[in-house]
Asks: 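Following this message is one structure expressed as structure tokens.
In the text below, chain A, chain B and the rest are named by the order of the sequence lines, each starting its count at 1. Both backbone and side-chain heavy atoms feed into the values below; hydrogens, waters and symmetry mates do not.
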Amino acid sequence: MTQDKIFGRLNPEQEKAVRCIEGPVLVFAGAGTGKTRVITHRIAHMIDRGVNPGCIAAMTFTNKAANEMRERLFSLVRPGDAKRVFLGTFHSYCARLLRKEIGLLGWTADFTIADESDQLSILKQAIAELGFKDEIQPNGCLRVISSCKSQMKEPADLRSEAQYQDMRNIADVFEKYNSLLFLQNMLDFDDLLLLAVRIFEKSPDVLQSCRSRHTHLLVDEYQDTNFLQFRLIRMLAGDSMNLCVVGDDDQSIYGWRGAEVRNILDFPQFFKGTRSFKLEQNYRSTKVILDAANAVIARNDDRHAKNLWSECGEGERIVETGADDEYAEASYVAETIESLKATSSRLSFDDIAILYRSNYQSRTLEESLREMQIPYRIVGARSFYERREVRDAIAYLRLIVNPRDDQSFSRIVASPPRGLGGKALDILRVEKSRGGKSFSEAISDPAIAAEFGQKGAKSALEMGKVLSKWRGEFASGGNLACKSENFLKEIGYLDGLLHMYKDREEALKRQENVFELVNAMAAFEKNPGVETPTLSAFLEKYALYDDNDKVDEDAEKRPSVTLMTVHAAKGLEFEVVFIVGMENGIFPHERSLEERGLDEERRLFYVAITRAKSRLFISHVSFRMKHGQASLQKPSCFLGDIPENLVERRDYSRRAPFRMRGRGEARFSSGPRRFKRADSYVPFDD
DNA sequence: TACTGATCTATTTTT
DNA sequence: TAGATCAGTA
């Protein structure tokens with residue numbers, strides 16, 4: 001590895017940050033300033049200077065970011081070295097630690113990770129058992145619990161500081177929820193971080209061994225860390241404080257999830273002797289786009305002053321368009337994409353992204369794109385792994401790994417129908433409170449099974465037998481795909497699908513999806529990452545993988561326009577970006593306004609703008625269907641923050657032509673396609 | 001137990 | 001508006 005390879009393509013400020021490999025280092029990296037490059041090159045430099053690659057750990061928030069870094073690292077250092085660096089999410093770091101050490105806290109190593117729907121159903125159970133069904137809403141309650149956990153607050157803390165009875169009730173539910181998780185040997189996402197910190201607190205030995213294992217730490221997107229992550233990092237960094245954090249306070253958009261911008265702003269106070277660097281040269285966007293972004297973000301107070309500049313040239317003006325309603329807006333976007341493609345042969349669909357504030361906004365866009373035959377892919381939103389049959393199959397597999405997982409048992413007990421249902425679950429619940437046996441253990445007990453009625457008893461015993469047989473088969477690890485398929489056959493799920501869906505087409509499609517999961521397992525076995533491919537390892541990977549990460553794997557090969565939320569777009573860049581629905585109440589979102597104020601929404605807008613390399617199109621509408629009712633919309637207040645001279649306004653109103661055409665004619669005539677849906681348009685009479 | 005129709009309600013972002 | 005949930009019936 002040559003010095004040239006490491007430093008050749010760095011600007012002076014980047015190089016300074018890369019060369020500084022001891023003690024606490026803070027890098028403010030504005031959008032598009034080469035943040036990932038600094039991290040990967042810094043790792044390469046450390047290895048070059050003799051740091052053991054196995055002692056370096058880099059933490060990210062998403063698997064996607066981790067994968068990207070790994071890829072880049074492989075091009076910089078020897079593969080053998082790159083492999084030994086820990087590169088992963090906070091959650092995966094903690095999960096790995098807990099698999100080894102969680103015995104200290106009473107769980108066993110084969111714990112399963114509760115996803116959001118597990119959390120919700122456990123929570124509902126807790127609420128029901130305590131009799132708060134009419135008072136407490138599961139969703140809001142879950143938010144409170146999650147926020148408590150990320151601040152390391154116990155139910156008792158919540159109770160003692162509660163002002164109202166409501167909050168004391170929630171504290172009770174919190175406690176119950178925790179114990180239900182514990183009884184099923186489950187952890188939720190927050191627990192992964194929380195219990196890792198608890199273990200460090202409880203066992204200085206474990207902490208010490210982690211410190212000596214990873215002596216050099218790097219943290220990506222540091223502005224998104226919450227209190228727990230901060231604690232974790234601080235404990236791991238210890239006295240050596242060999243820690244480098246990289247982030248941008250202007251891109252802090254996860255405050256609602258407990259992220260503390262102060263973590264990055266106050267970093268020098270927490271870590272004495274910090275050396276700070278500021279990256280301001282942007283390699284991504286044109287001057288026009290950067291000027292707009294700078295002007296927007298300058299309206300925020302309490303931020304670390306910085307000013308992005310670039311050598312990418314002046315660029316074209318930002319196009320701002322008003323359309324009549326969301327259907328017209330969608331047609332406008334599709335038509336514009338088509339004409340951009342027509343005028344620029346080098347532009348690929350891959351270079352284009354449509355960004356929106358909320359997922360539901362994608363629907364109308366999809367319709368227009370499909371109609372114009374523009375290929376697209378949606379990031380986030382209902383993914384493969386969320387389909388019912390896939391989740392069912394996963395639940396069956398989780399039951400193999402963790403027999404105490406009553407959540408999964410409840411999920412699959414009646415799919416397919418086998419004479420067991422709500423009543424059987426009631427019986428099992430009673431039995432559990434009496435004898436402590438988990439559901440999947442209890443069904444093998446003839447005395448208990450006898451209570452289910454004839455058909456139920458027979459299938460319960462049969463199910464118990466199949467489960468225990470395959471627990472044995474899976475115990476040895478390896479051959480996962482094949483075993484899983486046979487297991488799902490034998491337990492009756494695959495054939496069951498044919499009975500569950502009358503429509504044979506649909507049933508086969510769903511079977512196909514289950515086979516797709518089996519394929520994913522086969523792929524996992526080929527490339528299991530670290531250890532031997534066990535079922536438990538696969539399920540963990542599944543649980544810690546979010547939709548944004550998954551998209552790359554099953555993305556179609558042909559070039560497609562990308563649709564996603566602004567949140568999901570962070571860290572990405574596109575030649576051409578459309579920001580749609582730029583209206584008060586949508587963006588900024590009214591609810592987040594109430595909760596967190598304008599600043600975070602403005603940062604979100606800043607993130608959206610800075611995704612664009614050369615062209616930026618912003619649109620808003622006058623009418624929008626909101627909760628099934630037409631609503632009059634006003635352009636977003638953020639648009640006023642962009643200097644006039646950077647913007648070109650275009651109108652995309654069909655008001656005049658619409659009035660001249662009859663209702664039906666607009667839809668069925670050979671006129672421009674954008675008149676589709678005109679029949680749902682509410683005329684604006686003045 | 002399983003299905004159907006009616007009612008309700010939530011519409012932000014996600015590791 | 002549409003999805004999720006619930007209660008009542010076959």
Asks: Salt bridge between A:Arg198 and A:Glu154, side-chain N to carboxylate O under 4.0 Å?
Replies: yes
Asks: For nucleotides 8-13 of chain B, just jot down a letter per nucleotide in 5' to 3' order: B, S or -, based on protein non-hydrogen atoms under 4.0 Å.
Replies: --SBBB
Asks: What is the separation between atom CG on A:Asp325 and atom C1' on C:dT1, rounded to the nearest whole Å?
Replies: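 Spelled out: CG on A:Asp325 to C1' on C:dT1 is 15 Å.
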Asks: Ring centroids only, cut at 6.0 angstrom: are A:Tyr254 and A:His567 within range, meaning strictly under it?
Replies: yes
Asks: Write down the distance separating the C1' atoms in C:dT5 and B:dT12, rounded off to the nearest Å.
Replies: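 It works out to 22 Å between them.
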Asks: Assess whether a salt bridge exists between A:Lys432 and A:Asp406, defined as any Lys/Arg side-chain N lying under 4.0 Å from an Asp/Glu carboxylate O.
Replies: yes
Asks: Let me know the distance between CD of A:Glu326 and C1' of C:dT1, rounded to the nearest Å.
Replies: 11 Å
Asks: Write out a two-atom table: protein N or O, nucleotide N or O from nucleotides 4-10 of chain C, distance below 3.5 Å.
Replies:
residue, atom, partner, partner atom, Å
C:dT5, OP1, A:Lys124, NZ, 3.4

Asks: Both conditions, 6.0 Å and 45 degrees, for the charged tip of A:Arg99 above the ring of A:Phe111: are they met here?
Replies: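 So A:Arg99 does make the cation-pi contact.
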Asks: Side chains of A:Glu329 and A:Arg624: closer than 4.5 Å at any heavy-atom pair?
Replies: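 Yes, close enough: below the 4.5 Å cut-off.
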Asks: More than 12 foreign heavy atoms under 6.0 Å from CZ of A:Arg370: is that the case here?
Replies: yes
Asks: Starting at CD of A:Gln119 and ending at C1' of B:dT14, how long is that distance when rounded to a whole Å?
Replies: 11 Å
Asks: Are A:Asp599 and A:Arg299 within salt-bridge range, i.e. N to O under 4.0 Å?
Replies: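 Between A:Arg299 and A:Asp599 there is no salt bridge, as every charged N stays at least 4.0 Å from the carboxylate O atoms.
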